[in-house]
Amino acid sequence: MNEFKVGDTVQATGSRMTGNVGTVIWIDHKRERYLVLITPQTQNYFTADELKLYARRNGGN
């Protein structure tokens, strides 16, 4: 489970919360899940296959 670390900004790519961007706040090594904080009221567990590192596009103001 070295795909992501606490503090990484990730985007959900699976069937749940697709497209939402959040921050990894906990790693559950036993269940092989990442807890991602989407908003102050919304968090969810995801597998590594359901996430990708989020990178903003360059070229903005």
*Considering all heavy atoms of both residues, which atom of V10 and which atom of L51 are nearest to each other, and what is their separation?*
CG2-CD2, 3.9 Å
Which donor-acceptor pairs under 3.5 Å do side chains of residues 11-19 form with protein atoms, sequence neighbours excluded?
{"residue": "Q11", "atom": "NE2", "partner": "G19", "partner atom": "O", "Å": "3.1"}
{"residue": "T13", "atom": "OG1", "partner": "E50", "partner atom": "O", "Å": "3.2"}
{"residue": "R16", "atom": "NH1", "partner": "N44", "partner atom": "OD1", "Å": "3.0"}
{"residue": "R16", "atom": "NH1", "partner": "Y45", "partner atom": "O", "Å": "3.0"}
{"residue": "R16", "atom": "NH2", "partner": "Y45", "partner atom": "O", "Å": "2.8"}
{"residue": "R16", "atom": "NH2", "partner": "E50", "partner atom": "OE1", "Å": "3.1"}
{"residue": "T18", "atom": "OG1", "partner": "G14", "partner atom": "O", "Å": "2.2"}

Return a table of donor-acceptor pairs under 3.5 angstrom between the side chains of residues 22-37 and protein atoms on other chains or two or more places apart.
{"residue": "D28", "atom": "OD1", "partner": "K30", "partner atom": "N", "Å": "3.2"}
{"residue": "D28", "atom": "OD1", "partner": "R31", "partner atom": "N", "Å": "3.1"}
{"residue": "Y34", "atom": "OH", "partner": "E3", "partner atom": "OE1", "Å": "3.1"}

